[in-house]
Peer 1: 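Sending over a structure as structure tokens; questions will come in a sec.
Keep in mind that the numbers below use all heavy atoms, side chains included, and drop hydrogens, waters and symmetry copies.
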Amino acid sequence: MWTPVHIGPSCFQALGGCSRPHSSRSLCLSTASSRRLLSSLLSLSLLGSPALAKEPAKPAAKAQDASRAEAARLVSAFLGDTPLMSDLQSLVDEVGGRATGSSANLRSVDWALARFREAGVEARKEAFQMPRLWLERSASATVSGKGLEFSPRIAAMPFSTATPKGGLTAPLLDAGKGTEKELKALGEKAKGAFLLVDTVELKDVDGLFREYAESAEIEQRAFAAGAAGVVYMGSRPNNLLYRHNVSVGLRNTRPMMVMERDGALRAQRLLRTGKPLTLTAEIDLQTGPAYESYNVIGELRGSTRPDEVVVLGAHLDSWDLGTGALDNGANVVALIDVARQMKRLGIKPARTIRFALWNGEEQGMFGSEGYVKAHEAELDKHVMASSFDIGCGRINGFFTGGRPELPPLVDRALESVKGLGPFTQVDVPIVGTDNFDFMLHGVPNLVANQEPALYGPNYHARSDELDKCDPQQLRLNTAIAAALAYGFAQMDEKLPRHSRAQVEELVRTTDLGQQMKSFNMLEDWTSGKRGRKGSATTGSVTR
């Protein structure tokens with residue numbers, strides 16, 4: 001999962017010659033990006049060349065030159081033969097969709113531990129508590145009217161309730177776009193009915209952002225009107241089904257679903273010609289109380305400042321309709337490969353680098369929340385926590401969380417991959433991925449800002465499969481992640497952790513509070529249930 005944030009029109013350009021995974025170990029390096037990277041690596045290596053030195057280097061300069069040379073050596077490793085794509089194929093094809101709480105998710109934990117350990121990287125699984133089990137077993141629907149009946153495919157929305165055995169039958173009403181005016185027009189008829197909500201066909205990540213923003217308001221109105229449940233017209237072409245969480249999460253008390261687009265359009269046309277319809281929905285779920293799940297943590301111990309920690313994170317779980325290549329298998333295997341190549345090359349970072357593969361992200365970022373609770377005593381020593389969670393599109397910079405002192409440090413860390421730029425840091429806070437609880441605990445945090453590529457239309461969908469990931473771009477993104485990790489591990493600077501009051505100021509003075517409200521997380525912050533402890537305030541949220 002990732003909160004799609006509108007930052008302007010997409011500028012993604014496909015990389016020629018390697019748009020699909022040919023061989024699991026294909027080099028495929030004949031792109032302009034690769035040539036620019038090789039040029040920048042050469043420039044960095046020359047910076048430390050004795051032949052170009054005008055006078056003997058001082059010890060600090062020698063150390064800096066050594067770090068530059070080591071960074072160049074690390075980055076160049078990803079232009080060679082690595083198991084990156086074979087790992088991704090194994091994860092998505094052999095393990096498959098990995099919803100937290102499923103047997104496939106448990107297999108993915110063992111899979112990740114094995115990959116780290118085969119590379120000689122110390123790894124462990126860390127337990128955390130999921131608040132409730134939610135998995136769909138099956139979901140079906142039948143639309144009926146006088147002289148007609150058809151059965152469009154549906155997918156239950158996460159945290160939908162189950163229906164009674166044999167299904168729940170109720171009138172199906174046209175709720176238009178679900179606006180306040182349209183629901184008010186339905187009046188008393190909305191009570192006890194399924195409300196069919198119209199959607200615009202999704203074309204890009206901007207549309208995904210709109211879906212998230214609108215659904216929370218639509219559902220609030222529908223619940224207030226006493227609807228039996230909400231039926232979203234699928235926004236994806238070709239009748240793709242997908243999963244979006246119900247906006248109120250675990251507090252939901254209604255059946256909620258997405259209906260394939262053509263079936264929903266048919267029902268809508270019938271309703272708009274005056275045909276009364278009923279919907280029978282049958283949703284069978286596997287549910288249960290709180291249970292234990294696991295994050296996977298790979299670690300390279302720091303050589304000179306081992307108590308200071310740099311976190312690179314990507315979520316291991318995925319929704320189960322597809323196999324989770326874009327969201328978020330690609331970034332999982334990228335981080336594993338960064339750890340692998342650092343170990344292979346004998347690179348010993350000054351600070352400890354933790355490669356965190358989170359679970360429970362799709363259902364509410366519970367794995368990363370569990371980590372910050374378990375490691376709260378050492379968070380003052382966490383230098384930076386990053387999240388990679390937007391598929392295989394080119395990394396063009398990082399969201400830096402509303403901390404103006406952080407972008408210059410990111411720029412410095414990315415110096416060894418400047419040939420893959422330009423990189424632009426966007427200094428705003430982001431909700432919707434695993435930087436969130438680090439941010440609420442005051443830790444400097446980053447989210448990779450990736451060009452959308454094929455991410456939006458395949459988001460949480462049946463089509464999130466291996467062929468949607470450009471292996472060449474994934475390889476270059478892995479080089480960027482490696483540069484970021486190494487740069488923060490080596491630099492002398494360490495930003496202070498924010499107090500609760502400073503985080504509260506960020507909530508009040510940016511749109512962070514609105515984002516948290518949309519994700520049903522603002523109350524947890526204001527009540528002190530989630531985030532750094534301290535004197536809480538209840539000031540109004542502003543944009």
Peer 1: Under 6.0 Å from the CD atom of Glu201, do we count more than 12 heavy atoms belonging to anything else shown?
Peer 2: yes
Peer 1: Report yes or no: does Arg98 contribute a side-chain atom to a donor-acceptor pair with the main-chain N or O of Thr323 at less than 3.5 Å?
Peer 2: yes
Peer 1: How about NZ on Lys177, more than 12 heavy atoms from neighbouring residues, nucleotides or ligands closer than 6.0 Å, or not?
Peer 2: yes
Peer 1: Short question: side chain of Asn252, backbone of Arg254 - any donor-acceptor pair under 3.5 Å?
Peer 2: yes
Peer 1: Does the side chain of Thr433 pick up a donor-acceptor pair with the side chain of Ser387 at under 3.5 Å?
Peer 2: yes
Peer 1: Quick one: are Val428 and Ile430 in side-chain contact, heavy atoms under 4.5 Å?
Peer 2: yes
Peer 1: Is it the case that the side chain of Asp204 and the backbone of Gly207 share a donor-acceptor pair, with hydrogens and angles ignored and the cut-off at 3.5 Å?
Peer 2: yes
Peer 1: Using atom types as modelled and distance alone, determine if a side-chain donor or acceptor of Arg532 lies under 3.5 Å from a backbone N or O of Gly442.
Peer 2: no
Peer 1: Crowded around Asp284 CG? As in, over 12 foreign heavy atoms under 6.0 Å?
Peer 2: yes
Peer 1: Is there a side-chain contact between Asn435 and Met365 (heavy atoms, below 4.5 Å)?
Peer 2: no
Peer 1: Arg153 and Ser140: side-chain donor and acceptor closer than 3.5 Å?
Peer 2: no
Peer 1: Compare every heavy atom of Cys469 with every heavy atom of Leu88, then report the nearest pair and how far apart it is.
Peer 2: CD2-SG, 4.1 Å
Peer 1: Main chain of Gly178, side chain of Arg221: is a donor-acceptor contact present, judged purely on distance under 3.5 Å?
Peer 2: yes
Peer 1: Compare all side-chain heavy atoms of Thr287 with those of Arg132 and state whether any distance is below 4.5 angstrom.
Peer 2: no
Peer 1: Does a side-chain N-to-carboxylate-O contact under 4.0 Å join Arg394 and Asp470?
Peer 2: no
Peer 1: Walk me through it: do Leu474 and Leu84 pass the test side chain to side chain contact (heavy atoms under 4.5 Å, CB included)?
Peer 2: CA-CA 9 Å; Leu474 177 58; Leu84 184 68; 3.7 Å; yes
Peer 1: Should Arg243 and Glu136 count as side-chain neighbours, where that means a heavy-atom distance under 4.5 Å?
Peer 2: yes
Peer 1: Can you tell me if Asn458 uses its side chain to pair, donor with acceptor, with the backbone of Glu465 under 3.5 Å?
Peer 2: no
Peer 1: For the backbone of Asp317 and the side chain of His315, can you confirm whether one donor and one acceptor N or O come within less than 3.5 Å of each other?
Peer 2: yes
Peer 1: For Leu279 and Met259: C-alpha separation, side-chain torsions, deciding distance, then whether side chain to side chain contact (heavy atoms under 4.5 Å, CB included) applies.
Peer 2: CA-CA 11 Å; Leu279 174 69; Met259 181 180 289; 4.2 Å; yes
Peer 1: Does either side chain, that of Thr179 or that of Glu182, offer a donor lying less than 3.5 Å from an acceptor on the other one?
Peer 2: yes
Peer 1: Say whether, by atom type as modelled, one donor and one acceptor occur between the side chain of Trp134 and the main chain of Ser160 under 3.5 angstrom.
Peer 2: yes
Peer 1: With the side chain counted from C-beta on, respond yes when Phe194 and Leu168 share a heavy-atom pair under 4.5 Å apart, and no when they do not.
Peer 2: yes
Peer 1: Is the Lys NZ or Arg CZ of Arg462 less than 6.0 Å from the centre of Tyr242's six-membered ring, within 45° of the axis?
Peer 2: no
Peer 1: Just wondering, do Phe436 and Ser368 contact through their side chains at under 4.5 Å, heavy atoms?
Peer 2: no
Peer 1: Return the orientation label for the His460 and Trp319 ring planes: parallel under 30°, perpendicular over 60°, tilted otherwise.
Peer 2: perpendicular
Peer 1: Can you spot which of Asp427, Asn449, Asn445 makes a side chain to side chain donor-acceptor pair (under 3.5 Å) with Thr400?
Peer 2: Asp427
Peer 1: Just checking Tyr232 against His244, ring centres under 6.0 Å apart?
Peer 2: no
Peer 1: Should the ring pair Trp358 and Tyr371 be called parallel, tilted or perpendicular, given that the plane angle runs from 0 to 90° and is split at 30 and 60?
Peer 2: perpendicular
Peer 1: For residues Ser235 and Glu211, is any side-chain donor paired with an opposing acceptor at under 3.5 Å?
Peer 2: yes
Peer 1: Do the side chains of Arg530 and Trp525 get nearer than 4.5 Å, heavy atoms only?
Peer 2: no
Peer 1: Can you tell me how far apart CZ (Phe438) and OG (Ser386) are? Round to the nearest 0.5 Å.
Peer 2: 9.0 Å
Peer 1: Ignoring hydrogens and geometry beyond distance, is a side-chain donor-acceptor pair present between Asn239 and Asp262 at under 3.5 Å?
Peer 2: yes
Peer 1: Under 4.0 Å between a side-chain nitrogen and a carboxylate oxygen: does that hold for Arg115 and Asp87?
Peer 2: yes
Peer 1: Classify the side-chain pair Ser527/Glu523 by whether it contains a donor and acceptor separated by less than 3.5 Å.
Peer 2: no
Peer 1: Verify, without hydrogens or angle tests, whether Asp464 (side chain) and Asp327 (backbone) share a donor-acceptor contact under 3.5 angstrom.
Peer 2: yes
Peer 1: Which word best sums up how the rings of Phe398 and Phe388 line up, parallel for under 30°, tilted for 30 to 60°, or perpendicular for over 60°?
Peer 2: perpendicular
Peer 1: Determine whether the side chains of Thr163 and Glu282 contain a donor N or O and an acceptor N or O closer than 3.5 Å.
Peer 2: no
Peer 1: Any donor and acceptor pair, going by atom type alone, linking the side chain of Lys533 with main-chain N or O of Gly528 inside 3.5 Å?
Peer 2: yes
Peer 1: State, without any angle test, whether Ser463 and Arg236 hold a side-chain donor-acceptor pair at a distance under 3.5 Å.
Peer 2: no
Peer 1: How about Leu106 and Asp110: do any of their side-chain heavy atoms sit closer than 4.5 Å?
Peer 2: no
